[in-house]
Amino acid sequence: MKASSALPLLTAGLSLLVSSVSAAVRTYDFNVTWVNANPDGLHERQVVGINGQWPLPVIEVDKGDRIIVNMHNGLPDRNASIHFHGIFQNGSTEMDGPVMVTQCPVAPGGDITYNFTVDQNGTYWYHSHVDSQYPDGYRQALIVHDKTFPFDYDEDIFVTLSDWYHETIESIDPSFLSLYNPSGAEPIPDSFLFNDTQNSKIPVKPNTTYMLRIINIGAFVAQYFYIEGHNMTIVEVDGVYTEPTPADILYVHVAQRYTVLFTTKDTTDTNYAIVTVADSDLLDTIPPNLTLNHTNWLEYDSKAPFNEANITVDTSDDLDAFDDSTLIPYDHQELLPDPDYEITVNVSMNNLLNGINYAFFNNITYTAPKVPTLFTVMSANESVVEDDAIYGDFTHTFVLKHNEVVQLVVNNNDGGSHPFHLHGHTFQVLSRSPEYDDFTPFDPNNHTDFNDPPIRRDVLVAHPNGNFVIRFAANNPGVWLFHCHIEWHLFQGLALVLVEAPVQLQQTLQIPDDHYAVCDKVNVSSKGNAAGNSIDFFDLSGQNKQVPDLPNGFTARGIVALVFSCISAFLGMGAIVWYGLSDLSLSEVRMLEHIADDAGIEHEPIDPDDVSNHGGRDD
Ligand code: C2O
């Protein structure tokens, strides 16, 4: 786009005008139920709908507005919740939505009201935050329009990107987190969506500058994004305005948002492809019928040609994509001072004694407490509320003091990339390493200069075997989750909890009665420590615990070999007795075969007919 159209046009007069307009209350009544949908035209399935509809309603508000969502869980068979991703919930941490962190799960037939004001601009989304539910369709854009947006544009539009599964998460989860998936291979999506459909056309006018918000509302897979023949200028990431910065190709990981400006051509003689390419590096296998590249259209003229896109992204090499850590925030907020408190965590994925593959920060895989952590804060005596211990040994909770500067170092001891998200804040991105072949933790005594002013965002990708360093001020009393936004990895426990300024929280927060009623309905205690003990907060007997470690000498590879040789043996015998393997589908056996090949484990080739004789789910 032309640089001139990205010049700031903010004037004092305009902002005065806007601030004199009184804020609105936007009320949404959401009845959550199953509905059927077939967004990729390949498979109809049940999805989580709202008020009988899917795609879900977009929440669109102005800064300063109050959002009230009256949610009724009309799902007959599972719990529900809503998280408003990227909304700071300053003074309203109890409205944040993650189950067993700030609230109880809302039972079938139950109700909860989320009520908070939005004091920020930009591009957000909302999604369920219970039991890996959002990939079942329970996610949609949340947009805060800014009447004082500092850049010149004509039209404000958005697109969502998403991976998509044909099975419900409930039917995928048991085989994902199971002994038969010892390497923790993530379920491979069945397709990819663009605005919850495919092959869509976005009508555009010539000679017009568009503000285009791009939101990855997927569960797992990052996507590359570009528009043929059009230059993009980044102006926002995750609700933070940036110095206008040109980018050819965006890399949008799950939960990330980018807003770009682009200006349309002055002619309408052809239409232009919007190209998305799923990052195949994240996939353990690429099924032959999975299409990674998709084309949607900027439609200048429905009668003009739609020429096939010439797709240039090679997903095995992501060097082309824009590096978000180099962005400059529009407000130039400088690097926060040296930290008062520093947390360093190593990310790993490993098997525990039950053979299942879990994900860890240091040696802890997040295990939900018996009382939501916020309710522990609110029911604890002031003399114990700042002690990490009362929050349990397996929730990985850190207590932060009000207004201290917190530095979080993440060392990724895993060969995959992880999009890490912090609730309640954006954070400054001080440094981020590239991808490495071998684990390379951050070295505090030998590192490049920190970015200054650093970009801020709320989801940052850690590259394979690399590291990043982020900082924020603990100026938002609340209970905030920090986790990998790949829903499979959250399910595997890749999360920790920050209890921020609990004394201030106790003094200022009043949790509404209906949130207590939500706990009563599911028989979850709303007082006590992580174990539900409200007499002695240091007595954690009965707390939920993670599975014990494997004995020394056992390796993940050993488990793969063991499981695989059992399966091969059963298949080889003609498998009259199928034992616990009867729930394996052909695709799962294929996955195991692939894992075994990768690990160099010898085995008999598997005949699909053998498997299909044995009652697998997708036979
Ligand atoms: Cu999009 Cu824990 O959040």
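Excluded from the calculations below are hydrogen atoms, water molecules and symmetry mates; all remaining heavy atoms, backbone and side chain alike, are included. Start at 1 and go down the list; that is how both ligands and their atoms are numbered. If you read the sequence from its start, that first residue is 1, and numbering goes on from there.
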**Prompt:** Which angle, to the nearest 10 degrees, do you find at atom 1 (Cu) of ligand 1 between ND1 in His85 and NE2 in His127?
**Reply:**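 ND1 of His85, atom 1 (Cu) of ligand 1 and NE2 of His127 span an angle of about 120°.
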
For this session: May I ask you to check whether His83 brings an N, O or S atom to under 2.8 Å from atom 1 (Cu) of ligand 1?
Result: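 Coordinating: no.
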
Please determine if atom 1 (Cu) of ligand 1 has an N/O/S atom from His421 lying under 2.8 Å away.
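No.
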
Parallel, tilted or perpendicular: which describes the rings of Tyr126 and Phe84, with under 30° parallel and over 60° perpendicular?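 Ring orientation of Tyr126 relative to Phe84: tilted.
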
Check: Hey, which N, O or S atom on His423 ends up closest to atom 2 (Cu) of ligand 1?
Finding: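 The closest N, O or S atom of His423 to atom 2 (Cu) of ligand 1 is NE2.
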
Distance check below 2.8 Å: does His485 bring an N, O or S atom to atom 2 (Cu) of ligand 1?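 Not a single backbone or side-chain N, O or S atom of His485 is under 2.8 Å from atom 2 (Cu) of ligand 1.
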
Centroid-centroid distance, [X] to [Y], less than 6.0 Å:
X	Y	answer
Trp480	Phe427	no
His418	Phe468	no
His485	His483	yes

Practice item. Answer yes if the side chains of His72 and Asp111 hold a donor-acceptor pair under 3.5 Å, and no otherwise. Key: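 Yes, Asp111 and His72 have a side-chain donor paired with an acceptor closer than 3.5 Å.
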
